[in-house]
Structures are given as structure tokens and as C-alpha cells.
K.L.:
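Before anything else, here's the structure in question.
Both backbone and side-chain heavy atoms feed into the values below; hydrogens, waters and symmetry mates do not. Reminder, nothing fancy here: chain letters follow the sequence lines and each chain counts from 1.
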Amino acid sequence: MIRTRFAPSPTGYLHIGGVRTALFNWLFARQHGGQFILRIDDTDQQRNVTEALQPILDGFRWLGIDWDEGPDVGGPYGPYFQSQRQTRHEAAVKQLLDSGHAYRDYALPEELQAEREAAEAAKRPFTYSRRWMAQTEADAARWEADGRAAVVRLKMPRTGSCRFHDQIRGDVEFQWSQEQDHVIQRADGTCLYHLANVVDDHDFAITHVIRAVEHLSNTPRQVFIAQSLGYELPQYAHLPYVAEPGSANKLSKRKLDKYLKHPDFKKLYEHGLRIARAIGHATTGETFNPVIVDFYRTVGYLPSALVNYLLLLGWSLDDKTEQFTRAEMIEHFTLERVNKSPASFDPLKLWAFQQREMVALPLDQKVPLLVPFVRQAGWGAALRPAELDDRVRQIAGAAGDRIKAAGDILDYPEFFCADEQLVMEPKDVEKRLRKPGAAELLRRFRDMLAELEPFDAATVEALLRSFLEREQIQIGEIIHALRVATTGKSVGLGMFDALAILGRQSTVQRIDRALQLL
RNA sequence: GGCCCCAUCGUCUAGUGGUCUAGGACACCGGCCUUUCACGCCGGCAACACGGGUUCGAGUCCCGUUGGGGUCACCA
């Protein structure tokens, strides 16, 4: 049974790079009919773990990445919170101590620091002298009487090398001489990450450790721990990290200001910002950031588009396939085809994926995604649910591929506001409505609209065409004025669709109001 | 700095010694369509980091250089 895991720390947000790692773990497990486990790498000093974990779990659920064992679902290998596994970790430390693979060290931090500096001054790699390694109980007792406290360190090999096979990088070799006697347990008894990690992976029967390449150089010490404990080694696969837009640096959630100088990133961000503001979503917190998954949910992206994009960030099937359904991803994914080099996050390519999927989404499925945004913006409060659905449906149908994220429905306030509250864009009023002759044409066309029956797009268009014929004018001479008068601005849906959605009464009232304003 | 990893268009990538005058996608530029916007269609620009080998032949194998990155905690 293949078992993979993703082990987020409860930080309150899901990083895009982390999601990709989780996705690859998930795909690998699903493909092999295995299991995907979520383990929470919390430390005892973190507070509000539950609260900080929720957005992460929500994020995974939204993305459709489900876990077979972990928080909320439990499982036979629990607990799934690292902080609740202390006794297991302590037992492992004891075993390591008993077998001579670890030792109690009584060195003071300053003493260790002094050794480090001496090594540096002599330009030689630092290796701890083990001066304060307790060889006997008498040593320990004496030093403790002096007020010293012990940490537990790994007694790492100092010759030879550590070799292991990486599913992505091939055979890897590290010299033991480069390794340190890492601390695995603090003086207060709490255990450190690498120890806990190895023990938990073993306890969870993890077969494949698929993680970011940052951990590659941590692997030797983990191999040492695992082997010393008599564990069978998991298969390792170290994924390249996700880089910043236009650079090879690792993508970081802390560099939003820097990324906003990148035009494509800025475009993505500002689009989201417009929507977030319209629905009153906080935009100052740490999570409103395109590096964090929550951003995309807030703005109304399709999770399948994000996942599809992330899949291709470091992995490809062949020279042309780009769109994958979930089933296809599971069928085709292989670690062998994961790239070795970092892939930088391209905001516009993600946007293109989103756009493509949104356009392909049938109206029946699109409308339910749009309606919540309208509600959150506080629009259409006077409409009954069915009326609102219907209105949104009409707009979405007419908007077609203009709506690229669910939040884009908020580009059309003109269809939700009262006629007398329509906001008129001054520049457009100036250019289109105050244009010589426009008002007079508009007045004449208004009188014809007022009598039109039925008031649908095709009939309105036929009316306008005959009007053009009679007046001997080009369509451009009236349609811009008509658009500004009825929608307040110069861009929007097809004119006839827009008028049909507004209906005769609103259309006429809005034209009258516009003419009065002139 | 030590150790380790990586290196094809601006970006994601295909390419596993000859079919590569290097293919696809996004972006960009030009044109068409058009009541605005968006879409769509057609066309275009654009890459094997450099230097040595190996080989009849190298983007593809080897070495070096350069560049980029990761990692070196009583963080995770």
C-alpha cells in the first residue's frame, strides 16, 4: 500500500508552493490506489492551532484534495498532530540513546559558539569536539550539579558517505563529514522537527516522502535517524521549489511588495483587489495575496483551474497536452516526469487557465458561483432568490466570456441598481452624450423604444436597424450615447442584450434621466 | 564561505545522439472581425549560458567555467 503525506504547519494560510507539493503527493497516492495523509506539524509553543488550521483544511477541501487520514477524518495511525505524539518521539530518543546513536550533551550555547568561531577562524569546517558529551552517568551527574542541562544530540558518523536514491534526482551522495551532531531533543524534553518527522513518517507507514527540495540536504540526518532506529527507508522524491515571477528566487508570501512591481503579478492582484473591495473582504491581512490560495477562492477562481495550472508547474505529460481533468491527472501523473529545475510562477498563465475553464463552464454551473458575489456585495437585496438567480443568469449569459472569474459579475452594477441611482461616468457622458446631435437622436429613439413590443434583444436590434435606415445614419452615431445613457459607461455587454435585461421601463427611464442631466 | 542542486524562447515546457533550419502553450507585436469591452481567427517576434572534449554526428553524453538557487539552529 502506497502512503504519502503532506505535513503543513498551522500558520493560517496555504502557500501556493505547498499546495503543489500536496497535489503531487495526492496524485501519486491516488494513482496507485494508495492513501494520502495530512499530518499537522504543530509545535507546542504555537497557540490557536485549531484556528490557524481551519483555513488550510478549507483550502484543501476547496481544491478537491481530500485526505484519507488526518484532522477531521481521523484514522488508525493517529493522533495526526505532531504535538500529541511526544511520547512516541521521546521513546525514539531513548532508543537512540540506548543504542549509542545519540548522546546527552552538556555544552553551553556559548561554548558551542566558541568552537564554531574557532573553526571558522582556522577556515576549517566545524565539527563539534563532543567535549561535553556525557560518557557516563557520573559525567551527567557532575555537570548537572554544576547547573548544566543536557540536550540530546545525534552521534553522527564522521567518515564515509550517505547515499540514497531520489525518485526525481537520481542517486544522491553526501559526505558524513559535512554533517553535524544535530540536536534532537531540547533540555526541556521537547523533540525537534527532524526526529519527530522521521518517527511520525515511520509510524504512519509512509512509503514515499515527496517534498520540496529544501529538504534534500536535511535528508542525510533523517536517513541516519531512520537507520539507527531500524526503520526501513521511505522512497524520497525532492520537488523543485516554485520561484517568483520572473526570477529564480523561491516564491515567498512575505514579498508581496516586491512582486507588485512585476506587471503581470500586479494585474492579477489588482483584479482581485477590485473584487475583494466590492464584497467588503479584508485586503490588508496576510492572506489577501496571490501567493496564498485563499486569494483565489475570495476572488472566485475555479479550483480546477488552479490545480491544473499547478500541475504543470514542474510537471508535463508531453509536448502539447495542457488541460487535464482530475481523472486524467491521476491517470498520467508520474514522478519521473517532474522537472528538476525550479519553475517560476506565471500569474498570466494561471489567468489564462482560469479564463479557459470559466468560458467552458455551462451557465447552469456558472450562475451558482456568481450569485454569492452579488449577495456579498449587497446588490439585488430587493430581489427574491429566484429573481436574483434569474437576473444573474441573464447577465452571465449575455456577458459570455467577459466573466473570467466568478467575482467579475461585479463589473455589472448597472443591472442591479435602481434607475435613479445609476452612476454615470463623467468622461463617457462628456464624450458620448454631449456629442452634438446625440441627444436628439436618443430622444427620438427613446420614443420608439417606449412602444416596443416585445422588448427582447432581437426586437430591439431590429428596431434600431430600421431607425438607422430611416435617419440615414451609422450605428456608431447613436449606440454609444445609448450605452452611456442606459448603463452609465462606455464598456459592457452587447447593447441589445443589455437593454433586454434592463427591460423597457428601466431603459426609457434611464434615457430620460440622462437627457435631463445634460 | 563549506556542502549540495539546477541550467532550451520573457515564462511554463517538449526534446533520453541523427527525423532540430528546435515543437507546443502563456505573454508580446501586427492584421481581420466588430456598437464598446471581451472573445475568436490569421500572421509574426523569440531559446539550446559559455568553453573544451567523446562521436561520423551533441540541445541530448563527459569535464570545466559562468550564472542561479538551496542548505548549513536547542525553526518547521
Side-chain angles (χ1 to χ4, degrees), chain A residues 7-11 41-43 45-46 82 105 107 109 112 116 119-120 123-126 149-153 166 168-169 172-175 177-180 182-188 190-194 196-197 212-220 238 240-241 243 245-250 263-264 267 309 312-323 337 339-353 355-356 359 399-404 408 411 428 432 461 464 468 474-484 487 489-496 498:
Chain A
S9 20
T11 51
D41 278 7
D42 54 343
T43 57
Q45 63 259 49
Q46 275 168 326
Q82 204 155 65
D105 180 51
L112 213 60
R116 269 204 189 91
E120 198 171 328
K123 292 195 197 286
R124 88 188 130 68
F126 167 66
V151 297
V152 177
R153 286 183 186 279
D166 187 281
I168 293 169
R169 282 153 213 282
V172 183
E173 179 176 10
F174 289 87
Q175 297 303 314
S177 60
Q178 297 296 325
E179 290 291 320
Q180 300 303 319
H182 299 103
V183 174
I184 53 175
Q185 187 176 38
R186 297 183 183 92
D188 68 4
T190 56
C191 294
L192 265 56
Y193 171 76
H194 292 289
N197 197 52
V213 72
E214 289 92 303
H215 289 289
L216 185 58
S217 49
N218 295 327
T219 309
H238 287 94
Y241 60 90
S247 119
N249 290 5
K250 196 166 78 164
D264 298 349
K267 187 179 164 188
Y309 172 72
L312 263 15
L313 208 52
W315 180 86
S316 66
L317 175 64
D318 55 28
D319 58 342
K320 40 196 60 148
T321 316
E322 284 220 317
Q323 286 189 77
R337 290 196 63 84
N339 263 293
K340 291 193 188 79
S341 45
S344 67
F345 176 72
D346 182 345
L348 256 31
K349 186 134 184 173
L350 166 59
W351 180 242
F353 274 66
Q355 185 173 321
R356 186 171 60 197
V359 166
D401 43 34
R402 292 174 181 87
I403 292 177
K404 291 163 178 160
D408 287 342
D411 284 340
D428 294 328
R432 301 301 191 183
E461 177 163 10
L464 184 75
L468 300 178
Q474 296 293 306
I475 191 167
E477 294 181 55
I478 181 171
I479 201 159
H480 302 297
L482 181 59
R483 180 183 295 283
V484 175
T487 68
K489 58 195 180 185
S490 60
V491 300
L493 309 184
M495 186 76 270
F496 310 115

K.L.:
Just call it for Q355(A): base, sugar-phosphate, or nothing, with non-hydrogen atoms closer than 4.0 Å on any strand.
P.N.:
sugar-phosphate

K.L.:
Name the nucleic acid region contacted by A107(A), choosing base, sugar-phosphate or nothing; use a 4.0 angstrom heavy-atom cut-off, strictly under.
P.N.:
base

K.L.:
At under 4.0 Å, does any side-chain N or O of R356(A) touch on OP1 or OP2 of C39(B)?
P.N.:
no

K.L.:
Does D264(A) reach a base, just sugar-phosphate, or nothing at all? Heavy atoms under 4.0 Å.
P.N.:
nothing

K.L.:
Write down the partner of U55(B) under the Watson-Crick or G-U wobble criteria, each distance required to be under 3.5 Å.
P.N.:
none

K.L.:
Expressed in angstrom and rounded to an integer, what is the separation of K320(A) atom NZ from A25(B) atom C1'?
P.N.:
11 Å

K.L.:
Can you find a donor-acceptor pair, distance only, under 3.5 Å between K404(A) side chain and A38(B) base?
P.N.:
no

K.L.:
When you look at CD of E214(A), are more than 12 heavy atoms from neighbouring residues, nucleotides or ligands closer to it than 6.0 Å?
P.N.:
yes

K.L.:
Can you check whether R337(A) has a side-chain N or O nearer than 4.0 Å to OP1 or OP2 of G15(B)?
P.N.:
yes

K.L.:
Whole Å only: how far is the CD atom of Q178(A) from the P atom of C3(B)?
P.N.:
6 Å

K.L.:
For Y193(A), answer base if it contacts any base atom (sugar-phosphate contacts may also be present), sugar-phosphate if it contacts only those atoms, and nothing otherwise; contact means non-hydrogen atoms under 4.0 Å.
P.N.:
base

K.L.:
What is the separation between atom NZ on K340(A) and atom P on U8(B), rounded to the nearest whole Å?
P.N.:
12 Å

K.L.:
Please name the nucleotide paired to G40(B) by Watson-Crick or G-U wobble geometry with both distances under 3.5 Å, or report none.
P.N.:
C32(B)

K.L.:
Could you tell me which non-hydrogen atom of H238(A) sits nearest to which non-hydrogen atom of V213(A), and how far apart they are?
P.N.:
CB-CA, 4.0 Å

K.L.:
Checking all strands, does H194(A) fall into the base, sugar-phosphate, or nothing category for heavy-atom contacts under 4.0 angstrom?
P.N.:
base

K.L.:
With a non-hydrogen cut-off below 4.0 angstrom, is H215(A) in contact with a base, only sugar-phosphate, or nothing?
P.N.:
base

K.L.:
For Q180(A) and R402(A), take the nucleotide of RNA chain B holding the closest heavy atom to each; which residue's nucleotide lies nearer the 5' end?
P.N.:
R402(A)

K.L.:
What is the nucleic acid contact for L493(A), judged by heavy atoms within less than 4.0 Å: base, sugar-phosphate only, or nothing?
P.N.:
base

K.L.:
Taking atom CD as the centre, does E173(A) end up with more than 12 heavy-atom neighbours from other residues, nucleotides or ligands that are less than 6.0 angstrom away?
P.N.:
yes

K.L.:
D401(A) near the nucleic acid: base, sugar-phosphate alone, or nothing, with a heavy-atom cut-off under 4.0 Å?
P.N.:
base

K.L.:
Sort me out a list of protein N/O and nucleotides 61-69 of chain B N/O pairs below 3.5 Å, or just none if empty.
P.N.:
{"residue": "G69(B)", "atom": "OP1", "partner": "N249(A)", "partner atom": "OD1", "Å": "2.6"}
{"residue": "G69(B)", "atom": "O2'", "partner": "Y241(A)", "partner atom": "OH", "Å": "2.5"}

K.L.:
Using a 4.0 Å heavy-atom cut-off, does G494(A) contact any base of the nucleic acid, only the sugar-phosphate backbone, or nothing at all?
P.N.:
base

K.L.:
Reckon S490(A) touches a base, only the sugar-phosphate, or nothing at all at heavy-atom distances under 4.0 Å?
P.N.:
base

K.L.:
For G400(A), which contact category applies under a 4.0 Å heavy-atom criterion: base, sugar-phosphate, or nothing?
P.N.:
nothing

